[in-house]
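Here the structure is a predicted model, which means the values were calculated and not measured.
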Amino acid sequence: MNLDDFPRVSLAHLPTPLEPMARLSAGLASAELNPPRLFVKRDDCTGLALGGNKTRKLEFLMAEALEAGATCVITAGGLQSNHVRQTAAAAAKLGLAAHLVLTSNVAWNKDDYDRSGNILLDRLLGAEISILPGGSDRAAAMDELAASLRAAGARPYDIPLGGSNATGALGYALCAGELLTQAETLCGGLDAVVLASSSGGTQAGLIAGLAALGHPARVIGVEVDGNREGVAAAVREVAAAVAERLGLDASEIVARVEVVAGYGGPGYGLPTPEMRRAVELAARREGLLLDPVYSGKAMAGLIGLIAEGRFEARDRVVFLHSGGTPALFAYRSVFEGPGA
Ligand SMILES: *Cc1c(COP(=O)(O)O)cnc(C)c1O
């Protein structure tokens with residue numbers, strides 16, 4: 001596998017830090033949970049407009065857009081999409097227009113959700129925003145927008161939901177080597193990575209990257225949509241696509257996809273008490289700001305897996321902090337009032 005063969009633009013501050021979570025581990029140990037050795041990979045610190053996992057994907061996606069001679073990019077997501085915010089920032093930095101198709105699909109605390117957090121930043125970053133009612137057909141809206149942009153002489157490049165296709169996943173295939181090098185130095189190796197999964201590209205890319213390096217570490221996706229089959233199918237689909245792109249055995253990569261359910265609650269973007277407790281725990285024991293939609297649910301999943309005894313005390317387990325912190329401000333009311 002030679003990732004240098006694929007076009008890439010530099011957008012992220014790399015490598016992101018890998019840090020121990022000593023006080024979180026001690027807290028779990030004092031609750032008699034028998035934690036493994038816990039570390040956090042700080043992909044909330046990728047640097048582009050408050051960072052997050054989409055920056056690594058966009059290094060490959062935006063390079064492809066530029067190679068195709070695009071004058072603008074189109075992407076879609078919810079009003080609080082981190083992917084959309086990072087795409088708007090990448091486009092601004094590279095001098096492309098960004099057209100965002102946003103759906104108002106999460107019924108949560110109207111005012112903050114509709115105006116603060118990521119949507120506030122999308123506007124600040126100068127993106128063209130269309131907001132559709134929940135349940136609208138995003139793909140159709142993107143096609144229509146692309147057609148009208150083309151008719152006006154522009155050359156749009158489509159970026160899928162979450163940047164999750166074979167191209168975007170290359171960002172996390174590349175991350176696998178970065179993480180292994182750091183884990184080797186910090187703790188002598190890596191046994192498992194736990195992360196939030198939704199559109200699947202992050203998990204799929206990491207699995208492909210580890211497999212390409214012949215490394216057996218498990219990559220456990222905590223699905224955050226309340227839809228195990230949907231998320232697992234998405235991860236498998238991107239895993240097969242990125243395997244093919246890298247010339248790897250797709251069935252071997254797909255067989256490594258491991259998705260844990262039970263932490264997504266009633267659905268995408270909807271808060272759960274376990275998420276609130278996990279976000280508060282990480283903040284108060286590590287000074288680490290997780291987010292309510294992805295990393296908070298993923299941390300709840302990690303704690304749940306530890307409580308189930310799924311790790312040995314000697315295992316080196318890395319929690320991938322995938323970003324999303326700006327969404328905290330859209331969920332103000334969840335974190336006000338007495339602690340969970
Ligand atoms: C998009 C996102 C994820 C999920 O990554 P996928 O590649 O879509 O599975 C996790 N965390 C944050 C903060 C995100 O924005």
Check whether T75 reaches the backbone of I159 with its side chain - one donor and one acceptor, N or O, closer than 3.5 Å.
yes

With a 4.5 Å cut-off on side-chain heavy-atom distances among I, L, V, M, F, W and Y, is there a chain of contacts connecting V84 to V73?
no

Linking I/L/V/M/F/W/Y whenever any side-chain heavy atoms sit under 4.5 Å apart, do L213 and V254 land together?
no

Contact between L28 and L281 at the side-chain level, heavy atoms closer than 4.5 Å - yes or no?
yes

Can T167 and E64 be counted as having a side-chain donor-acceptor contact under 3.5 angstrom?
yes

Does K54 make a cation-pi contact with Y294 (under 6.0 Å, within 45 degrees of the axis)?
yes

Please check if the side chain of N118 supplies one atom and the backbone of Q80 the other of a donor-acceptor pair under 3.5 Å.
yes

Between Q86 and N82 (side chain of the first, backbone of the second, donor and acceptor by atom type, cut-off under 3.5 Å), is there such a pair?
yes

Looking only at heavy atoms, what is the nearest atom pair of E223 and G262, with distance?
OE2-N, 4.4 Å

Flag, side chain of D137 to backbone of A139, donor-acceptor distance under 3.5 Å
yes

Minimal non-hydrogen separation, A154 against P156, with atom names:
O-CD, 3.4 Å

Can you find a pair of side-chain heavy atoms, one from D191 and one from R314, that are under 4.5 Å apart?
no

R256 side chain to L210 backbone, donor-acceptor under 3.5 Å
no

Going by an N to O cut-off under 4.0 Å, is there a salt bridge joining R236 and E229?
yes

For residues D43 and T16, is any side-chain donor paired with an opposing acceptor at under 3.5 Å?
yes

Report yes if some heavy atom in the side chain of S322 is under 4.5 Å from a heavy atom in the side chain of D44; otherwise report no.
no

Taking V9 as the starting point, is it possible to reach L170 by hopping between hydrophobic residues whose side chains are less than 4.5 Å apart?
no

Donor-acceptor contact below 3.5 Å, side chain Q203 vs main chain E258
yes

Give the minimum heavy-atom separation between G265 and T272, together with the two atoms involved.
CA-CG2, 3.5 Å

Can you confirm whether the side chains of R285 and S25 place a donor and an acceptor under 3.5 Å from each other?
no

Please assess L290 against K297 for the test side chain to side chain contact (heavy atoms under 4.5 Å, CB included), listing each intermediate value before the final yes or no.
CA-CA 9 Å; L290 303 181; K297 287 181 176 178; over 6 Å; no

Do NZ/NE/NH1/NH2 and the carboxylate oxygens of D122 and R85 come within less than 4.0 Å?
no

For a 4.5 angstrom cut-off between non-hydrogen side-chain atoms, does L120 reach L124?
no

Mind running side chain to side chain contact (heavy atoms under 4.5 Å, CB included) on L195 and N53 for me, showing each step along the way?
CA-CA 11 Å; L195 75 163; N53 62 340; over 6 Å; no

With rounding to the nearest 0.5 Å, note down the distance linking CE in M142 to CG in L132.
11.0 Å

Specify the closest pair of heavy atoms between T55 and A12, including all atoms of both residues, with the distance to one decimal.
CG2-CB, 3.6 Å

Side-chain heavy atoms of L149 within contact of C72, under 4.5 Å
yes

Tell me whether T71 contacts the main-chain N or O of R155 through its side chain, where contact means a donor paired with an acceptor under 3.5 Å.
yes

Is the CD atom of E308 crowded by more than 12 outside heavy atoms at less than 6.0 Å?
yes

Side chain proximity check, M21 to M299, heavy atoms < 4.5 angstrom
yes

Test K41 against every option in E178, E19, H321 by the side chain to side chain donor-acceptor pair (under 3.5 Å) rule and name the one that passes.
E178

Pairwise distance NE2(H215) to CG(L180) - rounded to 0.5 angstrom:
5.0 Å

Among side-chain atoms of S295 and D291, is any donor-acceptor pair under 3.5 angstrom?
yes

Using the rule that two of Ile, Leu, Val, Met, Phe, Trp, Tyr join whenever any of their side-chain heavy atoms come within less than 4.5 Å, decide whether L289 and L48 are in one cluster.
no

Closest non-hydrogen atom pair between E286 and A22, with its separation:
OE2-N, 3.2 Å

Is the terminal nitrogen or CZ of R316 (NZ for Lys, CZ for Arg) located under 6.0 angstrom from the six-membered ring centre of F39 and within 45° of that ring's axis?
no

Let me confirm one number: the CG-CZ distance from L11 to F60, rounded to the nearest 0.5 Å.
10.5 Å

Kindly work out whether a path of hydrophobic side-chain contacts (I/L/V/M/F/W/Y, heavy atoms less than 4.5 Å apart) joins V235 to L161.
no

Should F335 and V279 be marked as a side chain to side chain contact (heavy atoms under 4.5 Å, CB included) after you check the CA-CA gap, both sets of side-chain angles, and the distance that decides it?
CA-CA 9 Å; F335 299 99; V279 169; 3.6 Å; yes

Is a donor on one side and an acceptor on the other found under 3.5 Å between the side chain of D225 and the backbone of N227?
no

Give the C-alpha distance, both sets of side-chain angles, the deciding distance and a yes or no for side-chain hydrogen bond (donor to acceptor under 3.5 Å, both in side chains) between T103 and R138.
CA-CA 8 Å; T103 40; R138 277 182 181 135; 2.9 Å; yes

Spell out, as yes or no, whether a donor-acceptor pair under 3.5 Å connects the side chain of D315 to the backbone of E312.
yes

Reported CG-to-CD1 distance for the pair L320 and I220, which is rounded to 0.5 angstrom
13.0 Å

Under 4.5 Å between any side-chain heavy atoms of C45 and H13, yes or no?
no

Looking only at the side chains, is there a donor atom on one of Y263 and E274 sitting less than 3.5 Å from an acceptor on the other?
no

Atom pair CG/CG of L100 and L79 - distance to nearest 0.5 Å
11.0 Å

Lys/Arg-Asp/Glu bridge criterion (N-O < 4.0 Å) met for E336, R332
yes

Heavy-atom side-chain proximity of L270 to V293 below 4.5 angstrom
no

Does any N or O in the side chain of Y172 come within less than 3.5 Å of the main-chain N or O of I207, such that one atom is a donor and the other an acceptor?
no

Atom CG in L18, atom OG1 in T185: separation rounded to 0.5 Å?
9.0 Å

Flag the pair R8 and E59 as a salt bridge only when some basic side-chain nitrogen lies within less than 4.0 angstrom of an acidic carboxylate oxygen.
yes

Shortest non-hydrogen contact between V238 and S199, atoms and distance
CG2-O, 4.0 Å

I'd like to know whether E280 forms a salt bridge (Lys or Arg N to Asp or Glu O under 4.0 Å) with R276, so could you lay out the CA-CA distance, the side-chain angles of the two residues, the decisive distance to 0.1 Å, and finally the verdict.
CA-CA 6 Å; E280 289 176 345; R276 180 180 175 179; 2.7 Å; yes

Applying side chain to side chain contact (heavy atoms under 4.5 Å, CB included) to V257 and V259, what does each step give before you reach the verdict?
CA-CA 7 Å; V257 172; V259 173; 4.0 Å; yes

